[in-house]
Visitor: 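Following this message is one structure expressed as structure tokens.
In this text the structure is predicted, and so the values were computed from the model without any measurement.
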Amino acid sequence: MSVQFTELQKRLLAAPHPWLCRQWYEDREFYRTGCQITEADMPELRHLVEQWNHWFLPEELDGPDEVAEHYELLPIVAARALAEWPSEENFQILLARILDAEEDDDWLTEEIPKLWGRIGEVAIGPLAQLAADTMEGAMPRLAALEGIAEAYHQEISLRDQVAAIFIELLQAAERNPANINAVLAWELAEMRATEAAELIERTFAADLIDVGYAGSWEEHRQVLDIPGLGLPMPERPRNSLDFGFSADQLLGEDDLWITGADELESADYDVDFTPTPYVQARERIGRNDPCPCGSGRKFKKCCLT
């Protein structure tokens, strides 16, 4: 018995593979237009998105063909299409995905903030509440900050509203994890929010920012293009990337997890990968940049964590 696709599923399956679809980042109505999405499709779209964490490939489609691969990613394509119809209901459905997500769901935690950004202003208030909720884990709070920043990048007119939210959150720096403060400080610096410069400098001076995440105050000061107050900075600021290991220690003879031939030969992945010792970068590493350790993963999904 073959799988019967709905009309909406057929249109979504005809869309480009989401991993390779660069057009979506440039066209805010890419799926809405290309897949001919209408208001009548909303209930089924929402249902598909709600299946994100429970979607499975039917046995009839089990195989390496293109249809099977596209079918497996249908909830993701549906979520992108849903985000092109900004509404409170659609935002809440996308918000629920991150609250139900597992910590290691890389695709979800990278994708959902982009979708919140597409939703736009409707998403900003609830995301600010999530980012401020100290009862939530770091992952959803960081995702919320990324979603707010994405909304600003999608609509520059939201600048003052977003800056005010980030400033208010950074004013509670003593109650925030250092990586949350780092993201807030850097996002404000990239927005050229000079009205937050003194707050950012004082937060650095109080050693409440993880410089492994955000870089130093001097880097922020240069981006903001301001002289600063000249406050003394901690001699050894918080740094999640300062592991205290030398290159010799990292590549010692006993470290078979790095150099052991038997380990590499028995692995069924990354056989040709040779790790290189991490060297503290002089310039700030963006959270979405390649990790300087040489793993090939994004910084935020490797040494940053």
Side-chain angles (χ1 to χ4, degrees), residues 24-25 28-29 31-32 39 42-43 45-46 49-50 52-53 78-101 103 105 108-196 199-200 203 208-209 213-214 287-288 300:
W24 179 68
Y25 295 94
R28 297 188 65 172
E29 294 192 349
Y31 290 101
R32 184 170 181 162
E39 187 68 43
M42 287 299 108
L45 265 184
R46 291 167 184 149
V49 175
E50 289 170 343
W52 188 313
N53 294 327
R80 288 186 171 187
L82 192 70
E84 294 178 0
W85 287 75
S87 72
E88 177 65 28
E89 182 176 3
N90 290 348
F91 166 72
Q92 290 297 333
I93 289 173
L94 294 171
L95 177 63
R97 304 288 70 73
I98 209 77
L99 297 178
D100 294 339
E103 288 286 339
D105 192 338
L108 183 67
T109 54
E110 288 190 25
E111 182 78 0
I112 288 293
K114 297 184 180 73
L115 305 181
W116 290 338
R118 289 294 178 93
I119 292 287
E121 189 170 7
V122 171
I124 290 179
L127 289 179
Q129 293 179 4
L130 174 58
D133 189 349
T134 57
M135 300 301 291
E136 286 288 350
M139 185 272 285
R141 295 181 69 190
L142 287 168
L145 294 179
E146 287 192 36
I148 296 170
E150 285 283 346
Y152 156 68
H153 291 304
Q154 291 283 333
E155 189 59 63
I156 302 300
S157 64
L158 296 174
R159 186 266 185 204
D160 290 349
Q161 181 180 354
V162 170
I165 289 170
F166 285 169
I167 288 171
E168 183 177 356
L169 291 170
L170 191 58
Q171 287 170 338
E174 292 185 354
R175 299 194 299 274
N176 296 334
N179 56 357
I180 295 280
N181 292 332
V183 173
L184 289 167
W186 187 251
E187 290 292 348
L188 285 165
E190 288 195 320
M191 295 171 66
R192 307 298 191 270
T194 54
E195 66 269 32
L199 172 63
I200 296 172
T203 309
L208 297 174
I209 291 179
Y213 253 74
R287 300 180 70 244
N288 291 307
K300 68 183 180 182

Visitor: Less than 4.5 Å apart, side chain to side chain, heavy atoms only: is that true for Y31 and L82?
Guide: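 Y31 does not reach L82 side chain to side chain.
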Visitor: Less than 4.5 Å apart, any side-chain heavy atom of E89 and any of M42?
Guide: no
Visitor: Locate the shortest heavy-atom distance separating A163 from L188; write the atom from each residue and the value.
Guide: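 Scanning both residues completely, I find the closest heavy atoms to be O-CD2, 3.8 Å.
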Visitor: Measure the spacing between CD of Q154 and CD of E121 and express it to the nearest 0.5 Å.
Guide: 13.5 Å
Visitor: If I take atom OG1 from residue T134 and atom CD1 from residue I180, how far apart are they, to the nearest 0.5 angstrom?
Guide: 11.0 Å
Visitor: Among L145, L95, I148, which residue satisfies the side-chain contact (heavy atoms from CB on, under 4.5 Å) criterion with L130?
Guide: L95
Visitor: Check the surroundings of atom CZ in R28: do more than 12 heavy atoms from other residues, nucleotides or ligands lie under 6.0 Å from it?
Guide: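 More than 12 heavy atoms, drawn from other residues, nucleotides or ligands, come within 6.0 Å of this atom.
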Visitor: Does A173 offer a backbone N or O that forms a donor-acceptor pair with the side chain of N181 under 3.5 Å?
Guide: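 At least one qualifying donor-acceptor pair exists.
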Visitor: Kindly give the heavy-atom pair with the smallest separation between A214 and W186, and that separation in Å.
Guide: O-CE3, 3.7 Å
Visitor: Working note: E88 + Q92, criterion side-chain hydrogen bond (donor to acceptor under 3.5 Å, both in side chains); need CA distance, chi angles, decisive distance, verdict.
Guide: CA-CA 6 Å; E88 177 65 28; Q92 290 297 333; 2.7 Å; yes
Visitor: Test R141 against every option in N176, L127, L169 by the side-chain contact (heavy atoms from CB on, under 4.5 Å) rule and name the one that passes.
Guide: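 The passing option is N176.
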Visitor: Distance from I112 atom CD1 to K114 atom NZ, nearest 0.5 Å?
Guide: 10.5 Å
Visitor: How close do F91 and P126 get, counting heavy atoms only, and between which atoms?
Guide: CE2-CB, 3.4 Å
Visitor: Provide the closest heavy-atom pair for A151 versus L158 in the form atom of the first, atom of the second, distance.
Guide: O-CD1, 3.6 Å
Visitor: For atom CD of Q171, decide whether the heavy atoms of other residues, nucleotides or ligands shown that lie under 6.0 angstrom number more than 12.
Guide: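 It does: Q171 CD has more than 12 such atoms within range.
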Visitor: May I ask you to establish whether R118 and W24 are in a cation-pi arrangement, using a distance under 6.0 Å from NZ or CZ to the six-membered ring centre and at most 45° from the ring axis?
Guide: yes
Visitor: Between E111 and W52, is the side-chain contact (heavy atoms from CB on, under 4.5 Å) condition met? List the steps.
Guide: CA-CA 12 Å; E111 182 78 0; W52 188 313; 4.1 Å; yes
Visitor: Do W85 and E39 have side chains that get closer than 4.5 Å, going by heavy atoms?
Guide: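 Answer yes - side chains close enough.
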Visitor: Closest approach of I209 and I200, non-hydrogen atoms and distance?
Guide: CD1-O, 4.3 Å
Visitor: With rounding to the nearest 0.5 Å, note down the distance linking CG in L94 to CZ in R46.
Guide: 10.5 Å
Visitor: So, for W116 and A143, which heavy atoms are closest and what is the spacing to 0.1 Å?
Guide: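 Heavy atoms of W116 and A143 come nearest at CZ3-O, 3.4 Å.
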Visitor: Working to the nearest 0.5 Å, report the span between CD of E187 and CG of L170.
Guide: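 If I round to the nearest 0.5 Å, the distance is 12.0 Å.
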Visitor: Let me confirm one number: the CD-CD1 distance from E150 to I119, rounded to the nearest 0.5 Å.
Guide: 13.0 Å
Visitor: Does a salt bridge link E195 with R159, judged by any charged N lying under 4.0 Å from a carboxylate O?
Guide: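 R159 and E195: salt-bridged.
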Visitor: So R97 and E50, salt bridge (charged side-chain N to carboxylate O under 4.0 Å, His left out) or not? Walk me through it.
Guide: CA-CA 7 Å; R97 304 288 70 73; E50 289 170 343; 5.5 Å; no
